[in-house]
Amino acid sequence: MASRSSDLFAAAQRRIPGGVNSPVRAFRHVEAEPFFVERAQGAKVWDVDGNEYIDYVGSWGPAILGHAPSVTINAVCEAAARGLSFGIPNPLEVEMAELLCKWMPAIEKVRMVNSGTEATMSCLRLARAFTGRDKIIKFDGCYHGHVDALLVKTGSGALTHRRPDSAGVPQAFVDLTISLPFNNAELVRAAFRQNKNEIAAVLLEPIPANAGLYFPRQDFLAILREECTKQGALLIFDEVMTGFRVARGGAQEIYGVAPDLSALGKVIGGGLPVGAFGGKAEIMDQLSPDGPVYQAGTLSGNPLAMAAGLAQLRELERINGWKLLEKLGAQFEKVARDAISEARIDVTLHRIGSMFCLFFASEPIVDLSGAQRSDLKMFAKFFHACLKRGVYFAPSQFETGFISTAHTPEDIERTGAVMREALASL
Ligand SMILES: *Cc1c(COP(=O)(O)O)cnc(C)c1O
C-alpha cells in the first residue's frame with residue numbers, strides 16, 4: 001500500500017542496512033514494514049501518514065514519563081543553551097553520580113557511558129581485570145547489548161531474527177562465555193565446579209525482559225549471590241531495562257540482593273543516549289586513570305544527556321511515579337486478563353509494575369525455552385490487529401511492553417477494548 005512510511009522505508013533500505021539502525025525496528029518478526037514516526041507526545045505517537053497510536057514501546061524503555069515530557073524538554077533546552085558538549089567535567093555529572101549512588105546503594109562509584117552496550121562491556125572488562133579470570137556465566141535469552149562475548153544465546157533483536165549467536169564473534173570469545181538456562185541454580189553450581197577458579201563473573205538481567213518477560217524463582221538471585229561470593233566471582237546485574245523502572249532502586253531493591261556491579265541505561269538518559277555502570281569502590285577504582293583498566297568516552301557524561309536523565313529521574317520521584325505506574329499496570333493487567341479469558345486463547349500474561357508481556361503460550365514460563373513455546377504466528381496476527389486499531393505493542397513476541405506515567409486510565413481502558421477485539425479476531 002502506498003504511504004509515506006513505505007516510501008521512506010524503500011529509501012531507507014537503499015542506504016541503511018535493512019532500512020533500520022537497530023534490527024527489531026524492521027518489523028520482520030511480524031512480517032511487515034515499520035511505520036515512520038512524525039512526532040510523539042505523552043502516551044501517543046503519530047506516524048508520517050497521520051495515524052495515531054497508543055504506544056507501549058516507549059522508545060524500548062526510556063520514555064517512563066511518556067514522550068516529550070515538559071520537565072525533560074525544558075532541562076535539555078536550558079542545558080543546550082549553555083553548550084552541547086565540553087569534554088571537560090561539568091557539574092551535572094556529579095549530580096547524576098550522587099543520585100545513582102543514593103538510589104542504588106550497591107553502587108558506591110559510577111561511570112557514565114553512552115549506551116547499555118558500553119555499560120555491560122565495561123563491567124565485563126572490569127570483572128576480568130579485578131578477578132584475573134577470563135570466563136563468564138550468562139543466561140540463555142538474556143540480552144546485554146551487542147558486546148562480542150555476550151552475543152551467545154542472546155535475546156532481543158538477535159533472538160527475534162532467529163540468530164541468537166552472531167557471525168563475526170571469534171570462537172575464542174565464545175569459548176569464554178558459558179550460557180545457562182535461567183532459573184537453574186544447579187547448573188550454575190555445576191559450571192563453577194567444572195571451571196574452578198576460572199569464572200570472573202555471573203552476569204544477568206535480574207528480571208529477564210529481552211525474551212519476553214519472566215521472573216527469577218524464589219531464591220535464585222540470592223543463590224547466585226552466595227555462589228559468586230563463595231567462588232570469588234563478581235555478580236553483575238544488567239539493570240539497563242529494570243533500573244529505575246521497576247522500583248526506585250531497581251530489581252536489586254525488590255529482590256534484596258546486592259550485586260558487585262550494575263549496568264544501567266534507558267530510563268537514566270531520559271531518551272538521550274546514555275548508559276552507566278557502577279558498584280563497589282574497590283572494583284571501580286581499577287578504572288583508568290586510578291587503575292589499570294582502560295575505559296573512556298568522548299561524549300560520556302554529556303551535559304544534555306545528564307540534564308535529561310536528571311530531570312526525568314527527579315520528576316519520577318516527585319510524582320511518586322512508581323506508585324502511579326503500579327496502579328496503571330494493575331489496570332492494564334485487569335483489562336488484559338478480562339480480554340484473554342473472554343477469548344479463551346492460551347495467553348500467559350506476565351507483569352511487574354509497568355512492564356508486561358503477553359506470551360501466546362501456556363504457563364509456566366520461567367526461561368527462554370518456555371518463551372520459545374509461544375505461537376509466533378498468533379502473536380503476529382495479534383500485533384497487527386492491535387496496530388490497525390491504534391495500539392502499538394512491541395513488534396516481537398520476545399520483547400517487553402512498557403507503560404508510562406503519561407498513559408491515562410482512559411488509554412488503558414481503550415487498549416483493553418482493542419485487545420478484546422484483536423483476540424476475538426484471531
Ligand atoms: C537495551 C538493553 C541493553 C543494551 O542497551 P543499548 O543502549 O541498546 O546498548 C543491555 N541490557 C539490557 C537488559 C537491555 O534491555
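Along the sequence shown, the residues carry numbers beginning at 1. Order of appearance sets the numbers: ligands from 1, and atoms from 1 within every ligand. What you see is a predicted model, and the numbers here were worked out from it, not measured in a lab.
Salt-bridge annotation for Glu333 and Arg337: present, with a side-chain N of the basic residue lying under 4.0 Å from a carboxylate O of the acidic one.
Residues meeting the side chain to side chain donor-acceptor pair (under 3.5 Å) test with Glu205, sequence neighbours left out: Asn210. Residues satisfying the side chain to side chain donor-acceptor pair (under 3.5 Å) criterion with Glu315, sequence neighbours excluded, are Arg318.
Contact shell of ligand 1 (protein heavy atoms, cutoff 4.0 Å): Ser115, Gly116, Thr117, Tyr143, His144, Gly145, Glu205, Asn210, Asp238, Val240, Met241, Lys266.
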List, one per line, each side-chain donor-acceptor pair under 3.5 Å for residues 281-298, sequence neighbours excluded.
{"unit_1": "Asp285", "atom_1": "OD1", "unit_2": "Lys109", "atom_2": "NZ", "d": "2.8"}
{"unit_1": "Gln295", "atom_1": "OE1", "unit_2": "Arg111", "atom_2": "NH1", "d": "2.9"}

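Considering Leu126, Thr120, Leu264 in turn, Leu126 is the only one that fulfils the side chain to side chain contact (heavy atoms under 4.5 Å, CB included) rule with Phe277.
When only modelled atom types and interatomic distance are considered, Gln171 and Asp175 share a side-chain donor-acceptor pair under 3.5 Å.
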